[in-house]
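Worksheet for the structure shown next.
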Amino acid sequence: MFNKRIKIKDLLKMEPGLSGVVVMGWVRTFRNNQFIALNDGSTNANIQVVAELGQFDENTLKRLTTSSSIKVIGNLIASPGKGQTVEIHATHIEILGDSDPEKYPLQPKKHSLEFLREIAHLRFRTNTFGSVFRVRHSLAFAIHKFFNEKGFVYMNTPIITASDAEGAGEMFHVTTLPIGKPPVNENGQVDYTEDFFGKATNLTVSGQLEGELGATAFGDIYTFGPTFRAENSNTTRHLAEFWMIEPEMAFHDLEDNMNLAEDFIKYIIQHAVDNNLDDLQFLDQRLAEEEKLLPTDKRSEMGLLEKLNFVLTNQFERITYTEAIDILLASPAYKKKKFQYDVKWGIDMQSEHERYLVEKHFKKPVIVTNYPKDIKAFYMRQNDDGKTVAAMDILAPGIGEIVGGSQREERLDLLTQRMNEMNIPTEELWWYLDTRRFGTVPHAGFGLGFERMVLFVTGMTNIRDVIAFPRTPKNAEF
RNA sequence: UCCUCAGUAGCUCAGUUGGUUAGAGCAUCUGACUGUUAAUCAGAGGGUCACUGGUUCAAGUCCAGUCUGAGGAGCCA
């Protein structure tokens, strides 16, 4: 019977004077042959367990090594020491699992994030990753809470898909055909009619098209699931497997879409601030210490909590693509030829351009709308000017694009015309086009990269540090 | 995929123009101390210098290739 244990997070809030308290956890440090800093993952704060000298046998005390797991029964008392208000005087200590200190890789000292990535199975036991993953949980919970409160239906779109129509990137192939000698048709090509699904299939790059099918029946839906891109991307903000939130709303236009996205982002940040303040404070401090090592001009102007509060209390800047280009053309950076890539109407803005807008010019999240149709996807609604589409990207400081969305093209003729122009096969997407044939409605939606959101809220700088077991090129350990 | 940088003890790093037996801090172990807060003090153990090949009397150090990691770019969320 283990469930009598009290979680350390709750225990630390209790009044001293309790006897027979049961706690279990992993030893962080054992000082002076007497003081155990015990952690159970419920919070970064440890409970100090005091094993009074002479009360416990030598053999047990020897086994109190870093990350050994123990069960403690004792009395919660006011601590005479300085570092904590309460502590447990142990009457009983039981070793549940030993941890060989010669072999255990985590030591009571600072480790680099790169090293911890190599022992991703153990890194949750550090303060940094403890905080990051508790915040990640909190954000995930807030996402469901937000949409549930608004009456959205949570929809699970398929992971394996036969459509590669969206062109969102390179896909991972899914097949049960033998790799060495697959069946071949008359033209010498792999014969996918022999494959498991009778056609070529891939891991999904987006649930949006299926999401639209849900939205045009339920009104409002959202997806929250894994997404896969086989791009050979080696950056601090790309993963081959990541989680994406994709709401899709019928009877919504671009402005509704922007309003929802902004409310949504603020809501989940607020939830984390309300429920995980101690973790965010720890991450705030961690970031501040890390930034001390950077040259002054590379440091962020705001601390983590300051930045989150700033986002919560300020409106996101909303500008059109055309206005964005004008700002860039008028910028000192452009005039001094600081940009590596040229700026003119029609370009797909480069990282340096987006960073300038967000980090230098506005210094807050920016929503850019109405992009040229030629640099955007086929399903985005064409504006009356014939040149732009009703798209919106939200750019966040330090992260770049965190949300990409649009009002969808609901007019069948314009949609098929655009698909033909862009060589998207209309026959394969017959089911998608059916939504425009039978009771089509104006609708809109967006996709938000969950890990990028977690990056933003935790102040971490590498996306591999905000997902438990990152999948990146040449890395699928664990 | 491209560009740049890196790979030396469990970790973080030093290692001079190529030259004896490759060093430090932390961690670990042993002992001392015992109300400590990453405890402190003393001592000890710990290395295929990423891998393969080459140059040289001699390579951790120079050259080539490979692998791995990091940062930036592209692609994007």
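For the numbers below, each heavy atom of this structure counts, side chains included, while hydrogens, waters and symmetry mates do not. Lettering of chains follows the sequences in order, A, B, ..., and the numbering in each one begins at 1. All of these numbers come straight from a predicted model, not from anything done at the bench.
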I'd like a table of atom pairs between the protein and nucleotides 32-34 of chain B - only N or O on both sides, under 3.5 Å - with the distance next to each one.
from, atom 1, to, atom 2, distance (Å)
U34(B), O2, Asn32(A), O, 2.9
U34(B), O2, Asn32(A), OD1, 2.9

Which whole number of Å gives the distance between the P atom of U30(B) and that of C51(B)?
-> 32 Å
Ser79(A) and Glu87(A) side chains, donor-acceptor separation under 3.5 Å | yes
So what does Pro101(A) touch, heavy atoms closer than 4.0 Å: a base, only the sugar-phosphate, or nothing?
-> sugar-phosphate
Figure out the CG/P separation between Leu116(A) and G69(B), and round it to whole Å.
-> 16 Å
Who passes salt bridge (charged side-chain N to carboxylate O under 4.0 Å, His left out) against Arg355(A), sequence neighbours left out?
-> Glu359(A)
Determine the interatomic distance between P on U36(B) and the same-named atom on G43(B); round to the nearest Å.
-> 24 Å
Residues in salt bridge (charged side-chain N to carboxylate O under 4.0 Å, His left out) with Glu352(A), at least two apart?
-> none
Measure the distance from CG on Leu448(A) to C1' on C76(B) and round it to the nearest whole Å.
-> 13 Å
Considering only the C1' atoms, how many Å lie between G45(B) and G23(B), rounded to the nearest integer?
-> 16 Å
N/O to N/O distances under 3.5 Å, protein versus nucleotides 40-42 of chain B:
none

Chi angles and distances behind the salt bridge (charged side-chain N to carboxylate O under 4.0 Å, His left out) call for Glu170(A), Arg229(A) = CA-CA 6 Å; Glu170(A) 289 294 311; Arg229(A) 304 273 166 94; over 6 Å; no
Flag for His443(A)-Gln407(A): side-chain donor and acceptor within less than 3.5 Å | no
Separation between the C1' atoms of A6(B) and A14(B), rounded to whole Å | 15 Å
N/O contacts under 3.5 Å, protein versus nucleotides 71-74 of chain B?
from, atom 1, to, atom 2, distance (Å)
G71(B), OP1, Asn462(A), ND2, 3.0
G71(B), OP2, Asn462(A), ND2, 3.2
G71(B), OP2, Arg464(A), NH1, 3.2
G72(B), OP2, Thr236(A), OG1, 3.4
A73(B), O2', Tyr341(A), OH, 3.3
G74(B), OP1, Gln350(A), OE1, 2.5
G74(B), OP2, Ser351(A), OG, 2.9
G74(B), N2, Asn232(A), O, 3.3

Which whole number of Å gives the distance between the C1' atom of G53(B) and that of A38(B)?
-> 45 Å
Measure from CD on Glu477(A) to P on U68(B) and round the result to the nearest Å.
-> 13 Å
Between Thr388(A) and Asn383(A), do the side chains contain an N or O donor and an N or O acceptor separated by less than 3.5 Å?
-> yes
Rounded off to whole Å, could you give me the CG-to-P distance for the Asp348(A) and C76(B) pair?
-> 6 Å
Judged by modelled atom types alone, do Glu212(A) and Gln208(A) share a side-chain donor-acceptor pair under 3.5 Å?
-> yes
Can you sort out the partners of Phe30(A) under ring pair (Phe, Tyr, Trp, His ring centres under 6.0 Å), two or more places apart, ordered by chain and number?
-> none
Can a donor-acceptor pair be found between the side chains of Arg408(A) and Asn257(A) at a distance below 3.5 Å?
-> no
Quick one: Phe35(A) CZ to A38(B) P, roughly how many Å, whole number?
-> 13 Å
RNA chain B: stems of at least 3 consecutive Watson-Crick or G-U pairs, cut-off 3.5 Å?
-> B:1-7 with B:67-73, B:10-13 with B:23-26, B:28-32 with B:40-44, B:50-54 with B:62-66
Please step through salt bridge (charged side-chain N to carboxylate O under 4.0 Å, His left out) for the pair Lys7(A) and Asp40(A), ending with a clear verdict.
-> CA-CA 7 Å; Lys7(A) 291 200 177 184; Asp40(A) 69 357; over 6 Å; no
What integer number of Å spans the P atoms of U61(B) and U16(B)?
-> 11 Å
Does Ser99(A) offer a backbone N or O that forms a donor-acceptor pair with the side chain of Thr65(A) under 3.5 Å?
-> yes
So which protein nitrogen or oxygen atoms get under 3.5 Å of nucleotides 9-11 of chain B's nitrogens or oxygens?
from, atom 1, to, atom 2, distance (Å)
G10(B), N2, Gln107(A), OE1, 3.0
G10(B), N3, Gln107(A), NE2, 3.1
C11(B), O2, Lys109(A), NZ, 2.5

Residues forming a side-chain contact (heavy atoms from CB on, under 4.5 Å) with Ala78(A), sequence neighbours excluded = Pro16(A)
Short side-chain N/O contact from Arg31(A) to OP1 or OP2 of U36(B), under 4.0 Å | no
Distance only, no hydrogens: is a donor on one side chain within 3.5 Å (strictly under) of an acceptor on the other, for Trp243(A) and Thr227(A)?
-> no
When you check the gap from the basic side-chain N to the acidic O, do Lys103(A) and Asp98(A) get nearer than 4.0 Å?
-> no
Do you know which of Thr66(A), Leu106(A), Asn39(A) makes side-chain contact (heavy atoms from CB on, under 4.5 Å) with Arg125(A)?
-> Leu106(A)
Can you tell me, in whole Å, how much space there is between the C1' of G19(B) and that of A59(B)?
-> 10 Å
Using the ring of Tyr356(A) (Phe, Tyr or Trp, six-membered ring only), decide whether Lys338(A) places NZ or CZ under 6.0 Å from its centre and within 45 degrees of its axis.
-> no
Can you tell me how far P in G15(B) sits from the matching atom in G71(B), rounded to whole Å?
-> 23 Å
Leu113(A) atom CG is separated from U12(B) atom P, nearest whole Å, by 11 Å
Where each residue is assigned the nucleotide of RNA chain B containing its nearest heavy atom, which of Asp393(A) and Pro473(A) is assigned the position nearer the 5′ end?
-> Pro473(A)
Give Leu239(A) one of three labels, base, sugar-phosphate or nothing, depending on what nucleic acid heavy atoms sit under 4.0 Å from its own.
-> base
Specify the separation, in whole Å, of atom CD of Gln48(A) and atom C1' of G35(B).
-> 8 Å
RNA chain B-proximal residues of residues 78-88 of chain A, any heavy atom under 4.0 Å = Ser79(A), Pro80(A), Gly81(A), Lys82(A), Gly83(A), Gln84(A), Glu87(A)
Side chains of Asp278(A) and Asn44(A), donor plus acceptor under 3.5 Å | no
Find the distance Asn46(A):CG to A38(B):P and express it as a whole number of Å.
-> 10 Å
Phe450(A): partners by ring pair (Phe, Tyr, Trp, His ring centres under 6.0 Å), with sequence neighbours left out = Phe224(A)
Please determine, by modelled atom types, if Arg136(A) and Ser138(A) share a side-chain donor-acceptor pair under 3.5 angstrom.
-> no
Name all residues meeting the ring pair (Phe, Tyr, Trp, His ring centres under 6.0 Å) criterion together with His353(A); count only those two or more places apart in sequence or in a different chain, and write none if there are none.
-> Phe339(A)
